[in-house]
Amino acid sequence: MTLEQARRSPVFWIYAAALSMHALFGTAVTFHIVDIFDQAGRSREEAFFYFVPQAVVSTSVNLVASTLADRMPLKPLLLIMLCGFVTGAFGLANLEADWGYALLIAGFGCGGGLWGVLSNLAFVRNFGRVHLGAISGLSTSLTVFASAVGPVLFSVGVDLLGSYVGAVWLCLGLNVVLLAAAVVVRQREPAP
C-alpha cells in the first residue's frame, strides 16, 4: 500500500496511536520519575531501581514475542501490549502500594517488550515493503511528537492539580480507549 492508502486505514492509526501512547507515557514517567516516586512516598533509590526489573521484564517479553511473531498474527500481541500499558498505568496510579509498584514494573515491562516487536513488524506486515519508509516514517514522526508532549502533559498536570495522578488517569483512560478500538478494528494481516 501507499502512504495515502495506509493513512486511510484504521489499522495504521491503531498501531501508530498505540506506539505513540507508549512514547508519551514512557517519556513522561522517565522525565518525572523521582518526583512521581516522591509523591507516592517512595525513595529516589526506588525510583532509579525501577528501571532494572522493568528492563528484565521488557527484554524477556521481547525475546518471547519475537519468536511468537514469526508464527502468529500481530493483533494478539497488540492487545497484550495495550493491556500491559493499562496495567502499568493502574500500578502507577497506585504507586504508594507495593502491588502498585509491581504492576508498574510488570505492565510497562511487558508493554515495552511488545512495543519493540510491533514497531518493527506492524507496518511491513499490514502494508507491505514498497512504501514502508514513508508509512513507518509517519508513525515515527507521531511517536516522536508524543514523546515530546508526554513530559509537558505531566508537568501541566502537576502544576494544575498538585500531583501527577490526573495525567496518569488520563493516560490510563486513553489506553483503555485504544484497547477497545484495537479489539474492534479488523486486520487482514497476511500469514507470517
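The first residue of the sequence shown is numbered 1, and numbering continues consecutively from there.
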In residues 101-123, what donor-acceptor pairs under 3.5 Å come from side-chain atoms, sequence neighbours left out?
residue	atom	partner	partner atom	Å
W115	NE1	L19	O	3.1
S119	OG	W115	O	3.1
S119	OG	G116	O	3.2
N120	ND2	G116	O	2.9

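Shown here for L74 and A69, the closest heavy-atom pair between the two residues is CD2-CB, 4.1 Å. When all heavy atoms of L82 and A18 are compared, the closest pair comes out as CD2-CB, 3.8 Å. Listed here is the closest heavy atom pair of C171 and L24: SG-CD2, 3.7 Å. Taking every heavy atom of both residues into account, V11 and R186 meet most closely at CG2-O, 3.4 Å. Across M21 and L178, no two heavy atoms sit closer than the pair CB-CD1, 3.9 Å.
The side-chain heavy atoms of D35 and Y164, taken from C-beta on, include a pair separated by under 4.5 Å. Counting heavy atoms from C-beta outward, L172 and F90 have side chains that approach closer than 4.5 Å. Contact of the R42 side chain with the D98 side chain is registered, since non-hydrogen atoms from C-beta on lie closer than 4.5 Å. The shortest distance between side-chain heavy atoms of T2 and H131 falls below 4.5 Å. Residues H32 and V158 are not in side-chain contact: their nearest non-hydrogen atoms beyond the backbone lie 4.5 Å or more apart. Looking at Q187 and L78, their side chains come closer than 4.5 Å, going by heavy atoms from C-beta outward.
To the nearest 0.5 Å, atom CZ of residue F85 and atom CE of residue M81 are 4.5 Å apart. From F25, atom CZ reaches atom CG of L174 across 9.5 Å, with rounding to the nearest 0.5 Å. The distance from atom CG of N62 to atom OG1 of T67, rounded to the nearest 0.5 Å, is 9.0 Å. Between H22 atom NE2 and N175 atom CG the span is 10.0 Å, to the nearest 0.5 Å. The line from CD1 of I80 to CG of L68 is 8.5 Å long, rounded to the nearest 0.5 Å.
Side chain of S58 to main chain of Q54: no donor-acceptor pair is present (N/O by atom type, distance under 3.5 Å, no hydrogens or angles). Side chain of D38 to main chain of V34: no donor-acceptor pair is present (N/O by atom type, distance under 3.5 Å, no hydrogens or angles). Checked by atom type and distance alone, the side chain of S147 pairs as donor or acceptor with a backbone atom of V144 at under 3.5 Å.
Here L63 is tied to no hydrophobic group at all, with no ILVMFWY side chain closer than 4.5 Å. Listed by chain and number, the hydrophobic cluster partners of L160 are V152, V156, L161, where partners are ILVMFWY side chains within reach of under 4.5 Å, directly or through others.
Residues V185 and L179 share a hydrophobic cluster, clusters being chains of Ile/Leu/Val/Met/Phe/Trp/Tyr side chains in contact below 4.5 Å.
Heavy-atom neighbours of D159 CG from other residues, nucleotides or ligands within 6.0 Å: above the threshold of 12. Atom CZ of F145 has 12 or fewer heavy atoms from other residues, nucleotides or ligands within 6.0 Å.
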